[in-house]
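Here the structure is laid out as structure tokens; the discussion comes afterwards.
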Amino acid sequence: VTKNMKHTSYIILSVLLFIAVGTPLKAQSSSKQESACPIHTSALINDRKAYIKQQLSLTDEESEVVSATLTDIDKQRAVLWKRVRTQRAELKKKGSAVTQEEVLAFYKLQQKVKGQEAAITYEKEVELAKVLSPEKLLRLDEVCKGYMHHFMSQQKKRGKPIHSIGSFH
């Protein structure tokens, strides 16, 4: 259960960051669109950075490395999971015409992406181990989960349901 919660938290935050990263790119030419976006990439990243820095008592240097590393992980995860979301949407469009082989191929892709995600996370954790003490590295995952709860409660207080985040309309 804890592993699934960790995985779900990472996916949610990655999707939110992916939406936030993609939004400014789509809205570059229109400041009106950009100002309408509920989350801006730099604001989200800076909020997470400040939260983690405070919770782990990081130095400025540690904070910069952790933030850059987590952002890189988020971007890579977003790319990986986009393939899964796209394939899931295609299968749903088929409705009852979807075949057993297509569904099994989808689940195979999903498992492959989980493995790729785990490899990316491990690689980045090894990089972070060069900068953070063992105690801080071990607590990082717990603090990231704490940030997700912090973020969700902020959105709820603002009256912004999570499904509306990143909306361009």
Side-chain angles (χ1 to χ4, degrees), residues 3-31 33-56 58-90 106 108-132 136-152 154-155 160 162-169:
K3 188 175 182 179
N4 285 339
M5 289 172 55
K6 174 182 172 184
H7 180 71
T8 302
S9 294
Y10 280 140
I11 290 173
I12 292 170
L13 189 56
S14 295
V15 168
L16 292 173
L17 284 169
F18 179 72
I19 290 167
V21 169
T23 300
L25 295 175
K26 291 180 181 181
Q28 272 179 353
S29 62
S30 171
S31 59
Q33 277 182 322
E34 195 169 305
S35 64
C37 177
I39 294 181
H40 296 283
T41 306
S42 60
L44 183 60
I45 290 171
N46 288 336
D47 186 49
R48 177 176 68 177
K49 180 179 173 182
Y51 181 88
I52 292 171
K53 181 178 182 179
Q54 188 258 334
Q55 292 294 311
L56 292 178
L58 299 178
T59 65
D60 290 342
E61 181 183 339
E62 289 172 331
S63 180
E64 289 297 325
V65 171
V66 168
S67 181
T69 302
L70 292 177
T71 300
D72 188 39
I73 291 170
D74 292 334
K75 288 178 182 178
Q76 290 184 52
R77 281 187 181 129
V79 170
L80 289 173
W81 286 102
K82 183 178 181 181
R83 292 184 1 227
V84 173
R85 286 190 315 275
T86 300
Q87 188 168 348
R88 180 187 305 269
E90 290 171 3
F106 168 75
K108 185 174 183 175
L109 171 65
Q110 195 171 24
Q111 290 305 311
K112 181 181 175 184
V113 167
K114 286 179 183 179
Q116 291 171 328
E117 178 183 31
I120 290 166
T121 302
Y122 176 75
E123 175 189 314
K124 296 300 180 178
E125 287 168 344
V126 169
E127 289 177 20
L128 288 172
K130 297 174 185 174
V131 178
L132 298 178
K136 289 179 181 178
L137 185 59
L138 282 173
R139 286 195 53 230
L140 180 60
D141 183 55
E142 164 188 318
V143 170
C144 287
K145 288 178 196 173
Y147 175 72
M148 182 51 113
H149 293 292
H150 167 78
F151 174 80
M152 298 288 224
Q154 282 183 330
Q155 294 305 306
K160 296 180 180 181
I162 297 305
H163 66 273
S164 71
I165 295 173
S167 170
F168 307 104
H169 310 297

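All residue numbers in this chain count up from 1 along the given sequence.
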Quiz prompt | Residue pair Lys75 / Thr71, side-chain heavy-atom distance below 4.5 Å | solution = yes
Practice problem: Determine the minimum heavy-atom distance between Lys49 and Ser63, stating which atoms define it. | Solution: CG-OG, 3.4 Å
Quiz item: In Å, rounded to the nearest 0.5 Å, how long is the span from CG of Leu140 to NZ of Lys145?
Solution: 11.0 Å
Quiz item: Do you know which two heavy atoms are closest between Leu44 and Phe151, and how far apart they sit?
Solution: CD1-CE1, 3.5 Å
Quiz prompt | Those residues that, when tested against Glu90, pass salt bridge (Lys or Arg N to Asp or Glu O under 4.0 Å) (two or more places apart) | solution = none
Quiz item: Do you know the tightest heavy-atom contact between Arg48 and Ser67?
Solution: NH2-O, 4.2 Å
Quiz prompt | Partner set under side chain to side chain donor-acceptor pair (under 3.5 Å) for Lys124, not counting sequence neighbours | solution = Asp72
Exercise. Kindly compute the distance separating NE2 (His150) from CE (Met152), expressed to the nearest 0.5 Å.
Key: 12.5 Å
Self-check item: Qualifying residues under side chain to side chain donor-acceptor pair (under 3.5 Å), relative to Glu142, sequence neighbours excluded
Solution: none
Quiz prompt | Audit row: Lys114, Trp81, side chain to side chain contact (heavy atoms under 4.5 Å, CB included) steps and yes/no | solution = CA-CA 9 Å; Lys114 286 179 183 179; Trp81 286 102; 3.9 Å; yes
Quiz item: Knowing that exactly one of Arg83, Lys82, Arg88 qualifies, which makes a side-chain contact (heavy atoms from CB on, under 4.5 Å) with Thr86?
Solution: Lys82
Self-check item: Contacts of Gln55 that satisfy side-chain contact (heavy atoms from CB on, under 4.5 Å) - sequence neighbours left out
Solution: Tyr51, Val143
Quiz item: Quick one: side-chain contact (heavy atoms from CB on, under 4.5 Å) partners of Val65, sequence neighbours excluded?
Solution: Thr69, Leu128, Val131
Practice problem: Kindly write out the residues that satisfy side-chain contact (heavy atoms from CB on, under 4.5 Å) with Lys136, not counting sequence neighbours, or none if the list is empty. | Solution: Leu58, Glu62, Leu132, Ser133
Exercise. Check side chain to side chain donor-acceptor pair (under 3.5 Å) between Gln87 and all other residues, then give those that pass, not counting sequence neighbours.
Key: none
Quiz item: Is the closest side-chain heavy-atom distance between Arg77 and Ile120 below 4.5 Å?
Solution: no
Practice problem: With rounding to the nearest 0.5 Å, note down the distance linking CZ in Arg139 to CD1 in Ile52. | Solution: 11.0 Å
Quiz prompt | Contacts of Glu123 that satisfy salt bridge (Lys or Arg N to Asp or Glu O under 4.0 Å) - sequence neighbours left out | solution = none
Exercise. Taking all heavy atoms of Phe106 and all of Val84, pick out the closest pair and write down the distance.
Key: CE1-O, 3.5 Å
